[in-house]
Participant: 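Questions regarding the structure given below will be posed in turn.
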Protein chains: 2
Amino acid sequence: MPDDDLPENTAPANCRVTIRDVARQTGVSVTTASRALNEIGRMTPETRNRVRAAAAELGYRPNSIARGLVGKRSFAVGLITNDTYGRFTLPVAAGLSSSMADRGVSVFLCAGEDDAERVKANIDAMQDRRVDGLVIAGKRIDRGLPFELPDLGIPVIYANASCPPDAIGFVPDDQLNAHMAVSHLVARGCCRIAHVTGKKDFEASSLRVRGWEEALAEANLSPFGDVCYGNWSEECGYTAALELLAPGRAEWPDAVFCGNDQIARGLIDAATSIGVDVPGDLAVVGFDNWEIFAKATRPPLTTVDMELLELGRVVGRTMLDLIDGKDVEPGLRRLPGRIVERRSCGGGGADLEPRTNETSRHGGGNQREDTKCHTTG
Amino acid sequence: MPDDDLPENTAPANCRVTIRDVARQTGVSVTTASRALNEIGRMTPETRNRVRAAAAELGYRPNSIARGLVGKRSFAVGLITNDTYGRFTLPVAAGLSSSMADRGVSVFLCAGEDDAERVKANIDAMQDRRVDGLVIAGKRIDRGLPFELPDLGIPVIYANASCPPDAIGFVPDDQLNAHMAVSHLVARGCCRIAHVTGKKDFEASSLRVRGWEEALAEANLSPFGDVCYGNWSEECGYTAALELLAPGRAEWPDAVFCGNDQIARGLIDAATSIGVDVPGDLAVVGFDNWEIFAKATRPPLTTVDMELLELGRVVGRTMLDLIDGKDVEPGLRRLPGRIVERRSCGGGGADLEPRTNETSRHGGGNQREDTKCHTTG
DNA sequence: CTGAAAGCGCTTACAG
DNA sequence: CTGAAAGCGCTTACAG
């Protein structure tokens with residue numbers, strides 16, 4: 001037996017409770033209600049509590065649009081990206097999103113293509129929305145926006161993309177990461193370490209090459225042959241392996257540092273197909289820690305994780321600082337990644353899998369045991 | 001020689017030009033300016049043009065926060081997803097984003113984890129922002145939100161996720177897509193068509209199984225053996241192939257319909273490794289059109305594309321209708337995908353690659369030519 | 001055809 | 001400690 005015709009607990013969603021409602025309910029002014037809710041100004045704890053209680057009871061939630069209008073900010077940032085495939089941007093976006101969410105800042109996703117017009121339209125839309133900041137994310141550290149960004153009057157951070165001289169940017173430290181990968185190989189006794197990577201004109205390629213050379217020099221080793229460039233594909237890894245391990249060669253590498261996990265995958269497949277045991281005869285380290293590949297190789301791949309999620313978080317925290325008006329030194333920061341150990345370099349990490357029994361071309365033993373490594377020094 | 005100390009063309013970014021500025025400049029009221037800019041009301045073309053010109057000259061851009069406050073809407077929708085990996089959500093998001101952008105609606109990305117608390121917090125934040133609608137996107141058609149969504153008073157659409165009975169949802173039509181894939185095989189003369197797929201408790205699995213059975217029945221064929229379930233991995237495809245093609249078997253399949261591209265990849269690798277030629281001896285069709293896999297198999301994979309990008313666009317258009325107050329029949333819609341032809345079923349599509357010269361276990365010929373297919377009917 | 005006024009839901013000087 | 005008032009930048013009845 002309902003009291004009357006009024007619906008009981010289903011307030012029409014389009015007339016949500018406002019701060020006036022909680023002020024009225026509490027018997028204070030809107031001003032006081034606002035202050036109580038925002039924890040500013042001094043007032044008797046009793047008043048504050050009564051306001052809070054009323055807000056809770058009414059289910060009051062501040063309208064962030066109104067708040068944005070008076071505060072002249074939106075508590076939102078725009079994420080502009082051209083990475084439709086999302087492999088690089090997504091972890092960055094997730095990290096950014098989570099570090100901002102804690103402070104009540106939301107993220108607009110503008111997954112534009114490379115088309116300059118669309119990117120501009122997206123940026124305009126973000127300005128119209130008075131975003132507090134803009135993150136420009138890319139899939140290549142040597143590519144940025146297709147045009148120069150004018151001064152928007154809001155903070156801008158570049159993530160995994162190239163950035164103008166005086167801007168703030170964060171990219172993975174390719175050289176250091178490569179160095180780590182190669183040192184990992186050296187530490188495991190490898191001394192004839194080849195490098196198979198992607199396209200030559202990617203800055204990521206040259207930095208990784210430099211890291212490879214650097215780590216080798218540090219260990220008094222010489223590069224094993226020339227860098228093998230390709231197009232980042234599995235196919236290239238496959239072909240490169242066949243060449244590096246060709247029976248007619250005077251010398252075989254005992255390890256290969258690969259520019260990405262797909263290359264490593266192709267390379268391991270090729271090695272296996274011609275009876276070279278990984279890691280017994282050949283240690284392999286990849287790059288990206290793209291699990292779908294890294295875990296599917298046999299053996300599972302030891303590889304470099306660029307820590308893109310953490311990079312996204314750092315971008316978020318920096319953006320928050322910038323929004324708060326803190327000073328941040330301009331420039332490009334290179335962030336270190338980490339090695340994820342699996343089985344392709346011997347030993348084993350978290351993702352241990354039983355070793356296969358395939359017979360090795362070299363009798364199943366570890367070639368490195370038999371061959372004395374001589375340094376260049 | 002500058003006239004005075006005032007900076008010339010660099011208006012402080014924080015005091016952007018408002019509609020009052022363009023009204024003043026034109027010598028009309030703010031009301032008229034607003035109407036001219038929004039193309040509403042009747043007025044002399046001359047006035048309208050003068051306002052427009054002033055706006056353009058001043059670089060006026062309406063503040064969408066203010067617009068949102070009065071219009072009681074934000075011209076933004078929230079995208080809630082638990083797909084951190086992004087493989088499914090990203091195309092959906094891109095499609096959604098592009099179809100909304102044309103109408104000036106932006107997308108908030110809430111890449112929450114499965115954690116119910118965080119999802120709730122994200123939804124609350126979206127409500128505080130007065131989003132015009134919410135899209136709940138998932139990576140499994142049989143999983144939805146970890147809790148029941150109360151009536152939010154705004155349109156909600158589920159995308160590639162399960163949805164409550166009276167809600168609106170869009171998912172790929174797994175059964176139809178599977179049917180298409182199998183019919184494609186049948187049309188090429190295959191008659192012993194096996195099915196290797198992922199986990200049994202995924203609705204996607206059972207629907208695809210049904211599509212397989214249905215297409216077979218339609219062609220008066222029987223399923224080749226039992227469905228081979230696994231965990232969606234390459235490894236499972238590999239193992240399944242070894243079993244299906246074991247030398248001791250009474251009969252071999254002449255085609256395999258795979259539940260995803262990874263399975264197909266493993267299966268093709270295994271087949272090749274034991275001398276079975278694809279497509280010569282065995283036709284293979286995958287599912288997902290995940291190019292990184294589909295293009296890396298040798299031969300490249302003929303596979304089902306679920307058209308997730310288009311699904312995202314449809315979700316966007318439907319959301320726009322809903323926001324406009326149009327009626328949309330509740331219920332779950334299953335959207336068709338398409339077959340992408342490559343080389344793994346013979347013939348060839350856009351991604352033609354030269355065929356390899358590997359010798360086939362069956363003499364390099366197409367087994368299907370030699371073996372008469374008998375129907376069950 | 002055009003404008004003055006009210007109002008969207010908040011916050012923030014400015015007074016008491 | 002608390003409140004009345006102004007204002008953020010728009011749109012939209014309501015009058016002329």
Side-chain angles (χ1 to χ4, degrees), chain A residues 11-52 54-55 58-76 104 127-132, chain B residues 11-52 54-55 58-76 104 127-132:
Chain A
N14 54 349
C15 72
R16 293 187 49 158
V17 10
T18 78
I19 199 170
R20 292 185 56 167
D21 298 321
V22 348
R24 188 181 312 132
Q25 169 104 353
T26 326
V28 298
S29 71
V30 168
T31 310
T32 302
S34 172
R35 279 198 283 250
L37 264 8
N38 289 311
E39 318 253 2
I40 55 177
R42 326 179 78 248
M43 69 180 55
T44 56
E46 197 246 326
T47 310
R48 201 180 291 279
N49 287 334
R50 271 176 43 233
V51 174
R52 282 209 197 114
L58 263 30
Y60 169 72
R61 308 228 46 176
N63 180 328
S64 45
I65 296 191
R67 196 200 284 252
L69 184 57
V70 39
K72 288 185 174 306
R73 53 169 295 199
S74 59
F75 293 91
Q127 283 199 276
D128 295 351
R129 290 179 182 282
R130 302 298 187 271
V131 289
D132 302 338
Chain B
N14 54 348
C15 72
R16 293 188 47 157
V17 10
T18 77
I19 199 170
R20 291 186 56 169
D21 298 321
V22 347
R24 188 182 312 131
Q25 170 105 351
T26 326
V28 298
S29 71
V30 169
T31 310
T32 301
S34 172
R35 279 199 283 249
L37 264 8
N38 290 310
E39 318 254 4
I40 55 177
R42 326 180 78 249
M43 69 180 55
T44 55
E46 195 248 325
T47 311
R48 201 182 292 279
N49 287 333
R50 272 177 43 234
V51 174
R52 281 209 197 112
L58 262 31
Y60 168 73
R61 307 231 44 179
N63 179 329
S64 45
I65 297 191
R67 196 199 285 252
L69 184 57
V70 39
K72 289 186 172 304
R73 52 169 296 197
S74 58
F75 293 90
Q127 283 198 277
D128 295 351
R129 290 178 183 283
R130 303 298 187 269
V131 289
D132 303 337

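In the text below, chain A, chain B and the rest are named by the order of the sequence lines, each starting its count at 1.
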Participant: When the distance from CZ of B:R16 to C1' of D:dG9 is rounded to whole Å, what number comes out?
Facilitator: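 Distance, rounded to whole Å: 12 Å.
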Participant: State whether A:T32 places a side-chain N or O below 4.0 Å from either non-bridging phosphate oxygen (OP1 or OP2) of D:dG3.
Facilitator: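 Yes, because at least one side-chain N or O of A:T32 sits under 4.0 Å from OP1 or OP2 of D:dG3.
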Participant: Please give, in whole Å, the distance from C:dC10 P to A:R61 CZ?
Facilitator: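 It is 12 Å, rounded to the nearest whole Å.
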Participant: Just N and O in the side chain of A:T44: are any of them under 4.0 Å from OP1 or OP2 of D:dT2?
Facilitator: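 So the side chain of A:T44 is within the cut-off, an N or O lying under 4.0 Å from OP1 or OP2 of D:dT2.
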Participant: Under 4.0 Å from OP1 or OP2 of D:dC10: is there any side-chain N or O of B:S34 that close?
Facilitator: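 So the side chain of B:S34 is outside the cut-off, no N or O lying under 4.0 Å from OP1 or OP2 of D:dC10.
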Participant: Can you check whether B:R35 reaches B:M43 side chain to side chain, under 4.5 Å on heavy atoms?
Facilitator: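 Contact flag for B:R35/B:M43 side chains = yes.
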Participant: Considering only side-chain heavy atoms of B:V28, which listed nucleotide, D:dC10, C:dG3, C:dT2, is closest?
Facilitator: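 So the nucleotide nearest the side chain must be C:dG3.
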Participant: Rounded to the nearest angstrom, tell me the gap between atom CZ in B:R20 and atom C1' in D:dA6.
Facilitator: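 Rounded to whole Å, this separation is 13 Å.
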Participant: Across the strands shown, which category fits B:V30 at heavy-atom distances under 4.0 angstrom: base, sugar-phosphate, nothing?
Facilitator: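 Answer is base: heavy atoms of B:V30 come under 4.0 Å of a base.
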Participant: Counting only Watson-Crick pairs (N1-N3 plus N6-O4 or O6-N4) and G-U wobbles (N1-O2, O6-N3), all under 3.5 Å, who is the partner of C:dT2?
Facilitator: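 Looking at the geometry, C:dT2 pairs with D:dA15.
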Participant: For B:I65 and C:dT11, give me the distance from atom CD1 to atom C1', rounded to whole Å.
Facilitator: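 Computing the B:I65:CD1 to C:dT11:C1' distance gives 14 Å.
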Participant: From C-beta outward on B:M43, which listed nucleotide comes closest to its side chain: D:dA13, D:dT2, C:dT2?
Facilitator: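 Per side-chain heavy atoms of B:M43, the pick is C:dT2.
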Participant: Which residue lies toward the 5' end of DNA chain D, B:L69 or B:R35, if each is placed at its nearest nucleotide?
Facilitator: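 Its nearest nucleotide being more 5', the pick is B:L69.
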Participant: Would you say that A:N49 contacts A:R52 through its side chain, given a criterion of any heavy-atom pair below 4.5 Å between the two side chains?
Facilitator: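 Heavy-atom side-chain distance check passes, below 4.5 Å.
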Participant: With the side chain counted from C-beta on, respond yes when A:N63 and A:T18 share a heavy-atom pair under 4.5 Å apart, and no when they do not.
Facilitator: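 No. Closest side-chain heavy atoms not under 4.5 Å.
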Participant: Considering only heavy atoms from C-beta outward, does the side chain of B:R67 approach that of B:N38 to under 4.5 Å?
Facilitator: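 They are in contact (side-chain heavy atoms under 4.5 Å apart), so the answer is yes.
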Participant: Quick one: A:R67 CZ to C:dT12 P, roughly how many Å, whole number?
Facilitator: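 In whole Å, C:dT12 P and A:R67 CZ are 9 Å from each other.
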Participant: What's the spacing between A:D128 CG and B:R61 CZ if we round to 0.5 Å?
Facilitator: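 Going from the CG atom of A:D128 to the CZ atom of B:R61 covers 4.0 Å.
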Participant: Between B:S34 and B:T31, is any side-chain donor less than 3.5 angstrom from a side-chain acceptor?
Facilitator: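 Note: B:S34 and B:T31 side chains miss the donor-acceptor criterion.
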Participant: Output yes when at least one side-chain N/O atom of B:S29 is less than 4.0 Å from OP1 or OP2 of C:dG3, else no.
Facilitator: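 Result: yes.
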Participant: In whole Å, I'd like the distance from the CD atom of A:Q127 to the C1' atom of D:dG9.
Facilitator: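 Answer to the nearest Å: 17 Å.
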Participant: Answer with base, sugar-phosphate or nothing: what part of the nucleic acid does B:S64 contact at a heavy-atom distance below 4.0 Å?
Facilitator: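 Answer is nothing: B:S64 stays at 4.0 Å or more from every strand.
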Participant: Could you check how far CZ of B:R130 sits from C1' of C:dC8, rounded to whole Å?
Facilitator: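 Rounded to the whole Å, the gap is 11 Å.
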Participant: Look at A:N38 and C:dT11 and indicate whether a side-chain polar atom (N or O) is within less than 4.0 Å of OP1 or OP2.
Facilitator: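 Indeed, a polar side-chain atom of A:N38 lies that close.
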Participant: Taking only N and O in the side chain of A:T31, is any of them less than 4.0 Å away from OP1 or OP2 of D:dA5?
Facilitator: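 For A:T31, the contact criterion (side-chain N or O under 4.0 Å from OP1 or OP2 of D:dA5) is not met.
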Participant: Would you say B:K72 reaches C:dG9's phosphate, i.e. side-chain N/O to OP1/OP2 under 4.0 Å?
Facilitator: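 Looking at the OP1 and OP2 atoms of C:dG9, one of them is under 4.0 Å from a side-chain N or O of B:K72.
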Participant: In whole Å, what is the span from the CG atom of B:D21 to the C1' atom of D:dC8?
Facilitator: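 Between C1' of D:dC8 and CG of B:D21: 14 Å.
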